[in-house]
Protein chains: 2
Amino acid sequence: MAKSEDLPRRATLKEVAKAAGVSLASASYAINGAGSVGEATREHILKVAAELGYRPNQSAKAMKTGKTGAIGLILPDLTNPFFPSLAQVVIQAARAHGYSVFLTDTEGSAEAEERAVNLMIDHGVDGVIWFPIADDGPVGKLIEGVPTVVLDRNLPGYDVIQADYADGGRLAAEHLLAAGHVNIGVISGPHAASSARQRAEAAISAVRERGNLVWHVHNAYSLDLEPEVTKALESRTATAVITGADLIAIGAMRHIRSMGLVVPDDVSVVGFDDIPWAQLHTPALTTIDMPVEDMAAAAVEALIRRMSARGEPRRRVVFNVELISRDSVRFLA
Amino acid sequence: MAKSEDLPRRATLKEVAKAAGVSLASASYAINGAGSVGEATREHILKVAAELGYRPNQSAKAMKTGKTGAIGLILPDLTNPFFPSLAQVVIQAARAHGYSVFLTDTEGSAEAEERAVNLMIDHGVDGVIWFPIADDGPVGKLIEGVPTVVLDRNLPGYDVIQADYADGGRLAAEHLLAAGHVNIGVISGPHAASSARQRAEAAISAVRERGNLVWHVHNAYSLDLEPEVTKALESRTATAVITGADLIAIGAMRHIRSMGLVVPDDVSVVGFDDIPWAQLHTPALTTIDMPVEDMAAAAVEALIRRMSARGEPRRRVVFNVELISRDSVRFLA
DNA sequence: CGCTGCCCATGAAAGGTTTCACGTCCTGGC
DNA sequence: GCCAGGACGTGAAACCTTTCATGGGCAGCG
């Protein structure tokens, strides 16, 4: 590689205009395909611009138009494999529309979320896709004024993309009941997340209908289990457990194994999310699949619509979920 | 949430200045802590600014200063669990320095990489952290002029952050040899990546010294194995295989299992990277750990230095790697 | 008491772009 | 052969900030 010339300064529009022998305005119109420019002139300007390697200065453009061409993506935790796939699709979809994405990871903490969002807004994003950490929190305020679509939570006033969590919870419960399980435990996600509550509530009411809910505990979206959870597991009262996330399911399976029991023979487990590990795990995890890619794409689409039509009524899109039956559930005779 | 007021227009510096009864210049100086402003005036201006909820317009600032406060992070594939951890640390470290990060995923394709980089540069980043897909490719050109640090590859002319791949390869081989293995196969990463070549070469030469290299094939950084690779595995000539990445190792173990064999009893496997799955897998994967977090932090640090001191000679930092012995290697009597 | 010099504070330019309002020239209709 | 109007092109303002060059006032020194 050549050593970087210290001043390969990029050509400015003014220079292009001069080189092409036209006015600044014409150059701008030609390059943006707006205004009225004769066919020949336009081509000439374009040619000159190409020769000079002209690249519009986005900062200047942003200053005039107020649009930066960037969107923000606020995610709780990249370390949870659920999110990278989401991020990947958002990034690709955004790029397809000419947007770059600012990604931020809020480390599961509300202050970090706040700092992150602040920084993002200061840096000027045209819109935000937000996967909230909790249902409340200070962040909503900050985002006000920036077109936003919310993932996972049904926050009032925002465009929302969700999966049918209640249905997922029900599906999981019914799968276990149909497999002959009666004594069922539930490890749901954090209290603060309404989506976690929905999964749990639906599962619980389905369990209660035809079976027996032996316990219900909470855990963060993490492999590491809280004492409350390990205690529940160690009570050995449940032959099957429904978890609020695959990560929790895997953590639970790990703990169950460490107790000297085997999944699914001694305890059955069902997850939620269908992260990539789910099928790689031994035993492969029975779980609820949600169409992450579709949801991510829908989020971008919704955001793009929202950015150009701020007045429209909010929309809420709910995606169907599906139970994927693998090897972590035992079918009792 | 209240319906978004359509025009909560953010206060401008001019407005702050007027409200505070000072000049534009004083306001700017006060807020940036530069120039000379009397203590009392400064405080007053700051107070007024806070009241008005003033937030500097970064686009305008960027236009003046040429600094956007954003850095770009170019990663091959978020779906490979190696990268999210990297991204997470980069994002956090960058934020700690007041930078937002544009993340882009190049989907493993060189054109996508090029498009992504273009978009990023257009959107104006002050610096780039780049994990190249291949050693060559057109992208280097684009990046010219933007301070850049390169991860993983020793690209001439750039600041470089690497791990000691050769040592990793050697460690893996010696571990297997010490465990009594003689016939060893190698599945290395893609040809195009010099880091993959280094790992493989070191492993191969160590194997050859005291054992027997039965085959050497290549595979993308993916769970899915190419025909060449499955054929090698099916030849059953190796009692142990060294892989260029944990993802490949896991793919290989899956295939080995599907052949009716068991890891490590029939075939031993060692990975590279120590991604989170490695220890969750059954059997837990013996692998080479590289300090991703440290490397990510070092990359940000190097970039920050480079951005403020463009002239300095390039630096190359090489991190040590370490073999983590788990359950995927059988110790022969 | 006058002057030098410092501390504060200010006006104005500059940075690259978009876009409004306007002018010129040519075409076509009558 | 005239005029209306369209097509094409242009000058200049505006976006919001940073920063240079400048100026006023006051303290302290000689």
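Naming: A, B, ... by sequence-line order, numbering from 1 per chain. In this text, all values refer to a predicted model and were calculated from it rather than measured experimentally. All heavy atoms count here, side chains included; hydrogens, waters and symmetry mates do not.
- Taking every heavy atom of residues 21-29 of chain A and every atom of DNA chain D, pairs under 4.0 Å involve V22(A), S23(A), A25(A), S26(A), Y29(A), by number.
- Residues passing the side-chain hydrogen bond (donor to acceptor under 3.5 Å, both in side chains) test with T68(A), sequence neighbours excluded: D126(A).
- Distance check, rounded to the nearest 0.5 Å: CD1 of I133(A) to OG1 of T106(A) gives 3.0 Å.
- Remark: P of dG15(C) and NZ of K64(A) are 17 Å apart, rounded to the nearest angstrom.
- Partners of T41(A) under the side-chain hydrogen bond (donor to acceptor under 3.5 Å, both in side chains) rule, at least two apart in sequence or in another chain, do not exist in this structure.
- For M63(A) and dA13(D), the CE to C1' distance is 12 Å, given to the nearest whole Å.
- Distance NZ (K14(A)) to P (dT18(C)): 14 Å, rounded to an integer number of Å.
- When the side-chain hydrogen bond (donor to acceptor under 3.5 Å, both in side chains) test is applied to S194(A), the partners found at least two apart in sequence or on another chain are D135(A).
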- Message: Checking D159(B) against R306(B) for the salt bridge (Lys or Arg N to Asp or Glu O under 4.0 Å) test, could you report, in this order, the C-alpha distance in whole Å, the side-chain angles of both residues, the deciding distance, and whether it holds?
- Response: CA-CA 8 Å; D159(B) 286 313; R306(B) 171 64 47 191; 2.6 Å; yes
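- In this structure, S100(B) has no side-chain hydrogen bond (donor to acceptor under 3.5 Å, both in side chains) partners at least two apart in sequence or on a different chain.
- Residue pairs meeting the side-chain hydrogen bond (donor to acceptor under 3.5 Å, both in side chains) criterion with at least one partner in residues 77-96 of chain A, sequence neighbours excluded, are D77(A)-Q88(B), T79(A)-Q88(B), Q88(A)-D77(B), Q88(A)-T79(B), Q88(A)-D105(B), R95(A)-T104(B), R95(A)-E107(B).
- In the region residues 44-54 of chain A, proximity to DNA chain C at under 4.0 angstrom, judged on heavy atoms, holds for Y54(A).
- Between T65(B) and the phosphate of dG15(C), there is no side-chain N or O to OP1/OP2 separation shorter than 4.0 Å.
- Annotation: ring pair (Phe, Tyr, Trp, His ring centres under 6.0 Å) contacts involving residues 12-57 of chain A, sequence neighbours excluded, are absent.
- The shortest distance between the side-chain N/O atoms of N57(B) and the OP1/OP2 oxygens of dC15(D) is not below 4.0 Å.
- Rounded to an integer number of Å, the gap from CZ of R42(B) to P of dC8(C) is 10 Å.
- By the 6.0 Å contact criterion, CZ on R305(B) is enclosed, its count of non-hydrogen atoms from other residues, nucleotides or ligands being greater than 12.
- Separating the NZ atom of K18(B) from the P atom of dG11(C) is a distance of 14 Å, rounded to the nearest angstrom.
- Ring centroid separation for the pair F83(B) and F131(B) comes in under the 6.0 Å cut-off.
- Between the CD1 atom of I31(B) and the P atom of dT17(D) there is a distance of 8 Å, given to the nearest Å.
- Between K61(A) and the phosphate of dT18(C), there is a side-chain N or O to OP1/OP2 separation shorter than 4.0 Å.
- Residues satisfying the ring pair (Phe, Tyr, Trp, His ring centres under 6.0 Å) criterion with F102(B), sequence neighbours excluded, are F102(A).
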- I91(B)/L103(A) under side chain to side chain contact (heavy atoms under 4.5 Å, CB included): CA gap, chis, key distance, verdict: CA-CA 8 Å; I91(B) 290 173; L103(A) 175 58; 4.0 Å; yes
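- Across dG9(D), dC15(D), dT17(D), the shortest atom-to-atom separation from the side chain of A60(B) is found for dT17(D).
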- Query: When every nucleotide of nucleotides 23-28 of chain D is labelled 5' to 3' by its protein contacts under 4.0 Å (heavy atoms), B for base, S for sugar-phosphate only, - for none, what sequence of letters results?
  - Reply: ------
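- Straight-line distance from the CD atom of Q58(A) to the P atom of dT17(C): 10 Å, rounded to whole Å.
- Rounded to an integer number of Å, the gap from NZ of K67(B) to C1' of dG15(C) is 15 Å.
- Taking the screw axis at each terminus of the helix from dC1(C)-dG30(D) to dC30(C)-dG1(D) from five consecutive base pairs, the angle between the two is 40° to within rounding of 10 degrees.
- Evaluation of the salt bridge (Lys or Arg N to Asp or Glu O under 4.0 Å) rule for D122(B) yields R55(A) as partners, not counting sequence neighbours.
- For T12(A), a side-chain nitrogen or oxygen approaches OP1 or OP2 of dT17(C) to under 4.0 Å.
- Going from atom OG of S59(B) over to atom NZ of K64(A) covers 13.0 Å, rounded to the nearest 0.5 Å.
- Residue S59(A) is out of contact with every strand shown, counting any heavy-atom pair closer than 4.0 Å.
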- Could you walk me through whether E15(B) and T12(B) pass the side chain to side chain contact (heavy atoms under 4.5 Å, CB included) check? CA-CA 5 Å; E15(B) 288 161 5; T12(B) 136; 3.1 Å; yes
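- Comparing dT17(D), dC8(C), dC8(D) by their nearest atom to the side chain of S36(A) picks out dC8(D).
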